[in-house]
**Student:** 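First the structure, then my questions, so here it is.
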Amino acid sequence: MNSSTIPAPAASAPIRVRIAPSPTGDPHVGTAYIGLINFIYARQNGGQFVLRIEDTDRARFVATSEQMIFDALRWLGLSWDEGPDVGGPYGPYRQSERTEIYRTHADLLLANGTAYRCFCTAEELEAARKQQMAAKLPPRYPASCRNLSEAQVAANLSDNKPFVIRMAVPTEGSTTFRDELRGDITFEHSNVDDQVLMKSDGFPTYHLANVVDDHLMHITDVIRAEEWISSTPKHVLLYQAFGWAAPRFWHMPLLRNIDKSKISKRKNPVSLVYYRQAGFLPEAVINFLGLMGGGMPSPTPVEIVNGAKEAEIFSLAEMIQRFEVPNIRLGGPVFDLTKLRWLNSEYLRALSPEAFFTALRDTILSDQYLRDISTLIQTRIETLGQFGELTGFFFRDDVMPTQEVFLPKKRTLEETLAFATEQLTLLEATDWTTEALEPALKQLGEAHTWSVKENFMLLRAILSGSTMSPPLLESLVVFGKARSLDRMRRFLETQKKLANARK
RNA sequence: GGCGUUAUGGUGUAACUGGUUAACACGUCGCCCUCUCAAGGCGAAGAGUCCGGGUUCGAGCCCCGGUAACGCUACCA
């Protein structure tokens, strides 16, 4: 009775799509994938592609992240028509600058009864959740504040009790929406929780900000990752609460690690900065992403005769011409670095000798990189000819220290690997400057009673593959955060595999 | 646990809207070329399409029932 299906936007509306990355770290390969599909779809339909920065989570906010996202997307050739840096008619495009908009919209919902204030504390909610879990019930908001009287609310408000605003999800019925790739999907309202819309810090959650912005920015098609399917009914309900038409939804399959789990940095380099610095060409990365999900039409018999390999090699322009978004495969594709490397080698080989040389000079042999490195080794070198011996690890991708090199004399393998894991976790969250790295590492060492020598030596071995190297912290900084962390993760993964093999 | 999604060689994708021995690329292995390694050429192994039923002359494609993987289950996105 309470069930509802939403109308799709008018077919005549000009196509507008967006990507909405969060500036919480390095730009992610998944963002590039979703960005690519959105970009193609917009270009194919003569529509607009909007970049919106979803920086409402101040706990995870990383100041340098936004610029890195811009740079990475531009590097890949995915340019946007509207965004924080280029402006546009529906700005601002940074959610932190739109808090007033969310507040007034939340008030609208409060006024029409589709949302309510919740004064529950984190502790209360945690306790309730635990109880439900213990009773084998799905953890749900107990609706304690859903039916507070006006007087109670007023009293809490005048007591200055902190509160959040929650969505009042109908208790009965269900919501059905259409996924353009999968067809209708239905969720019973009994399975949809009273989602928080406004946090107690005055910032909106994704769900509110997203719906409000997509509407205000006239987004016609929401093309996003599959992980959002479960929260789509909340979004649909929000559109209805506001009395708005909902956009079309396209949920793309999730990129996977080799073990099929959602792609993650532990098991795969996911930072676009890494790919750039490790010497992947943007054309190859884009091409590879275009292979994921199979949106490109299969090669014609003629193409197969002429060398089927070429059928897998295509440019962004060709994708705009031929890619078929509705034909996307739904199984989560494995992001297979081996094939990416092959693709990259094809692109590298296709370069003119001059262009290839230029590519080298622009990246791995840039003046800046060489200058930074030379600074580190000038006092350690006897002849210029030794440059390669001293700096080889800066130019290699396969550095892997032997146990003899990385294992401190008085430490077991287990504690060493455990400590290296601690180092990794720490460095992930540390600014990439010597000033930040030094105290952070030393503090970690003290906390685990690892001497500075053991501590730094282990990291040196992982980074350089040797017990001798230019100064560690400076080397890390020069080598870059993305590649350094990747080297550490690969070291740990390799050691883990070796340990398993020994068992 | 609940809800949802997905399922073709090791990996990415094909297979005319059910029609012969399931195709292409990467990877692997072998041979040729070659001062080496790549590249290139030639060739091989590798799936009977998650499992079990059903419909049909005929099913990877349709129907039913399972299973597994993945996602969500936050005042993160």
Side-chain angles (χ1 to χ4, degrees), chain A residues 20-25 28 30-31 53-61 95 118 120-122 125-126 129 132-141 162-166 174 179 181-183 185-193 195-210 224-234 251-263 288-301 303-305 307-313 327-343 345-346 348-349:
Chain A
S22 291
T24 53
H28 198 275
T31 302
I53 296 294
E54 308 226 326
D55 53 352
T56 55
D57 182 354
R58 70 206 195 321
R60 293 201 305 155
F61 179 76
Q95 291 186 330
C118 166
C120 296
T121 65
L125 294 174
E126 186 51 36
R129 193 173 299 130
Q132 290 167 326
M133 298 282 264
K136 302 247 184 212
L137 291 168
R140 297 282 311 278
Y141 175 63
F163 65 89
V164 301
I165 296 177
R166 284 182 187 272
S174 63
D179 179 291
L181 296 172
R182 297 158 232 263
I185 298 177
T186 299
F187 283 82
E188 296 295 324
H189 291 155
S190 57
N191 289 319
V192 182
D193 211 358
Q195 180 64 46
V196 171
L197 301 175
M198 291 291 277
K199 308 180 225 179
S200 53
D201 65 2
F203 277 83
T205 59
Y206 169 88
H207 307 280
L208 206 225
N210 198 262
R224 67 204 337 177
E226 187 182 356
E227 56 190 332
W228 293 108
I229 290 178
S230 313
S231 33
T232 304
K234 293 172 183 173
H251 290 100
M252 303 297 298
L254 243 21
L255 263 25
R256 308 294 179 92
N257 298 312
I258 314 91
D259 63 4
K260 302 279 187 182
S261 54
K262 173 168 124 177
I263 195 166
F288 181 64
L289 256 15
L291 247 21
M292 307 277 89
M296 281 297 269
S298 46
T300 63
E303 280 174 319
I304 291 176
V305 170
K309 190 173 77 175
E310 271 68 31
E312 293 205 316
I313 299 184
N327 277 1
I328 294 278
R329 284 257 133 202
L330 269 10
V334 170
F335 191 92
D336 181 7
L337 228 27
T338 306
K339 187 141 185 177
L340 207 207
R341 285 205 197 88
W342 166 76
L343 252 184
S345 76
E346 288 287 328
L348 249 17
R349 231 173 275 135

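In what follows, chains carry the letters A, B, and so on, assigned in the order in which the sequence lines appear, proteins first and then strands, with residues in each chain numbered from 1.
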**Student:** Say we look at B/rC63 and B/rG12: how far apart would their C1' atoms be, to the nearest angstrom?
**Tutor:**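 Each nucleotide's C1' atom is 30 Å from the other's.
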**Student:** Rounded to whole angstrom, note down the C1' distance from B/rG46 over to B/rG30.
**Tutor:**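 About 15 Å, rounded to a whole number of Å.
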**Student:** Atom CZ of A/Arg129 and atom CD of A/Glu126: how far apart are they, to the nearest 0.5 Å?
**Tutor:** 5.0 Å
**Student:** To the closest 0.5 Å, what do you measure between OH (A/Tyr206) and CG (A/Asp57)?
**Tutor:** 13.5 Å
**Student:** How would you list, by chain and number, every residue that makes a side chain to side chain contact (heavy atoms under 4.5 Å, CB included) with A/Pro233, sequence neighbours excluded?
**Tutor:**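 A/Pro233 satisfies side chain to side chain contact (heavy atoms under 4.5 Å, CB included) with A/Thr175, A/Phe177, A/Phe187, A/Val192 only.
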**Student:** Does the side chain of A/Ser345 come under 3.5 Å of the side chain of A/Arg341 through a donor N or O and an acceptor N or O?
**Tutor:**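 No - no donor-acceptor pair under 3.5 Å links their side chains.
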**Student:** When the distance from CG of A/Leu330 to P of B/rG12 is rounded to whole Å, what number comes out?
**Tutor:**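 Rounded to whole Å, this separation is 14 Å.
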**Student:** Could you work out the separation of B/rC37 and B/rU28 based on their P atoms and round it to a whole Å?
**Tutor:** 15 Å
**Student:** How far does the C1' atom of B/rA15 sit from the matching atom of B/rA47, given to the nearest Å?
**Tutor:** 14 Å
**Student:** Determine, step by step, whether A/Lys339 and A/Asp336 satisfy the salt bridge (Lys or Arg N to Asp or Glu O under 4.0 Å) criterion, reporting the C-alpha distance in whole Å, the side-chain angles of both residues, the deciding distance to 0.1 Å, and the verdict.
**Tutor:** CA-CA 6 Å; A/Lys339 187 141 185 177; A/Asp336 181 7; over 6 Å; no
**Student:** Once rounded to the nearest 0.5 Å, what's the spacing between atom CG of A/Leu208 and atom CE of A/Met198?
**Tutor:** 6.5 Å
**Student:** Which atoms of nucleotides 67-76 of chain B (N or O only) lie under 3.5 Å from a protein N or O atom, and what are those distances?
**Tutor:**
unit_1 : atom_1 : unit_2   : atom_2 : d
B/rC70 : O2'    : A/Arg256 : NH2    : 3.3
B/rG71 : OP1    : A/Lys262 : N      : 3.3
B/rG71 : N2     : A/Ser230 : OG     : 3.3
B/rC72 : OP1    : A/Lys262 : NZ     : 3.1
B/rC75 : O2     : A/Ser200 : N      : 2.8
B/rC75 : O2     : A/Ser200 : OG     : 2.8
B/rC75 : N3     : A/Ser200 : OG     : 2.9
B/rC75 : N4     : A/Cys120 : O      : 3.4
B/rC76 : OP2    : A/Lys199 : NZ     : 3.1
B/rC76 : O2'    : A/Asp57  : OD2    : 2.5
B/rC76 : O2'    : A/Arg60  : NH2    : 3.2
B/rC76 : O2     : A/Arg60  : NH2    : 3.3

**Student:** Under the side chain to side chain contact (heavy atoms under 4.5 Å, CB included) rule, collect the residues that match up with A/His28, sequence neighbours excluded.
**Tutor:** A/Thr31, A/Ile263, A/Val270
**Student:** If I take atom CZ in residue A/Arg182 and atom P in nucleotide B/rU5, what distance separates them, rounded to the nearest angstrom?
**Tutor:**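 Those two atoms, CZ and P, are 9 Å apart.
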**Student:** Kindly label the base of B/rG52 as syn or anti, based on whether its glycosidic torsion lies within 90° of 0.
**Tutor:**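 Anti, since the glycosidic angle lies more than 90° from 0.
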**Student:** When the C1' atoms of B/rA68 and B/rG52 are considered, how many whole Å apart are they?
**Tutor:** 14 Å
**Student:** Would you tabulate the nitrogen or oxygen pairs shorter than 3.5 Å linking the protein to nucleotides 27-32 of chain B?
**Tutor:**
none

**Student:** Taking the minimum atom-to-atom distance to the side chain of A/Asn191, which one of B/rC3, B/rA77, B/rA25 wins?
**Tutor:** B/rC3
**Student:** Which nucleotide in the list B/rG12, B/rG40, B/rU5 gets nearest to the side chain of A/Arg349?
**Tutor:** B/rG40
**Student:** For A/Ile185, report the nucleic acid contact type (base, sugar-phosphate, nothing); a contact means any heavy atom under 4.0 Å.
**Tutor:**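 If one applies the 4.0 Å heavy-atom cut-off, A/Ile185 turns out to touch the sugar-phosphate alone, with no base involved.
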**Student:** Using atom P of each nucleotide, how far apart are B/rG9 and B/rG54 to the nearest Å?
**Tutor:**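 Those two atoms are separated by 24 Å.
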**Student:** Please report the distance separating the C1' of B/rU17 from the corresponding atom of B/rG60, rounded so that it comes out in whole Å.
**Tutor:** 14 Å
**Student:** Please state how far atom CD1 in A/Ile263 lies from atom P in B/rG12, giving the value in whole angstrom units.
**Tutor:**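 So the CD1-P distance, A/Ile263 to B/rG12, works out to 12 Å.
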**Student:** Could you tell me how far B/rA22 sits from B/rG48 if I compare only their P atoms? Round to whole Å.
**Tutor:**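 Taking atom P in both B/rG48 and B/rA22, they lie 12 Å apart.
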**Student:** Using modelled atom types and a 3.5 Å cut-off, is there a donor and acceptor pairing between side-chain atoms of A/Ser22 and backbone atoms of A/Glu54?
**Tutor:** yes
**Student:** Are the side chain of A/Thr205 and the backbone of A/Val196 linked by a donor-acceptor contact shorter than 3.5 Å?
**Tutor:** yes
**Student:** Within this structure, what is the CD1-to-P distance between A/Ile328 and B/rA14, rounded to whole angstrom?
**Tutor:**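 It works out to 9 Å between those atoms.
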**Student:** Please report, rounded to the nearest Å, how far the C1' atom of B/rG1 is from the CD atom of A/Gln132.
**Tutor:**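 Result: 12 Å.
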**Student:** Give the stems involving RNA chain B, where a stem is 3 or more consecutive Watson-Crick or G-U wobble pairs (i with j, i+1 with j-1, and so on) under 3.5 Å.
**Tutor:** B:1-7 with B:67-73, B:10-13 with B:23-26, B:28-32 with B:40-44, B:50-54 with B:62-66
**Student:** Can you tell me how far apart CG (A/Leu340) and CG (A/Leu291) are? Round to the nearest 0.5 Å.
**Tutor:**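 Answer for the CG-CG pair, A/Leu340 versus A/Leu291, is 9.5 Å.
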**Student:** Over how many whole Å does the gap from A/Ile258 atom CD1 to B/rG10 atom C1' extend?
**Tutor:**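 Taking atom C1' of B/rG10 as the reference, CD1 of A/Ile258 is at 11 Å.
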**Student:** Would you kindly compare A/Glu188 and A/Gly332 by the position of their nearest RNA chain B nucleotide and give the one closer to the 5′ end?
**Tutor:** A/Glu188
**Student:** Heavy atoms under 4.0 Å, any strand shown: does A/Arg329 hit a base, just sugar-phosphate, or nothing?
**Tutor:**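 Answer is sugar-phosphate: A/Arg329 comes under 4.0 Å of backbone atoms only.
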**Student:** In Å and rounded to the nearest 0.5 Å, what is the CG to OG distance from A/Asp193 to A/Ser230?
**Tutor:**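 Answer for the CG-OG pair, A/Asp193 versus A/Ser230, is 12.5 Å.
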**Student:** Using 0.5 Å steps for rounding, measure from the CZ atom of A/Arg256 to the CZ atom of A/Phe335.
**Tutor:** 14.5 Å
**Student:** How many whole angstroms separate atom CD1 of A/Ile313 from atom P of B/rU13?
**Tutor:** 17 Å
**Student:** Would you kindly give the CG-to-P distance between A/Leu291 and B/rC26, to the nearest whole Å?
**Tutor:**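 Going from A/Leu291 (CG) to B/rC26 (P), I get 11 Å.
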**Student:** Using the ring pair (Phe, Tyr, Trp, His ring centres under 6.0 Å) criterion, which residues pair with A/His207? Sequence neighbours excluded.
**Tutor:** A/His235
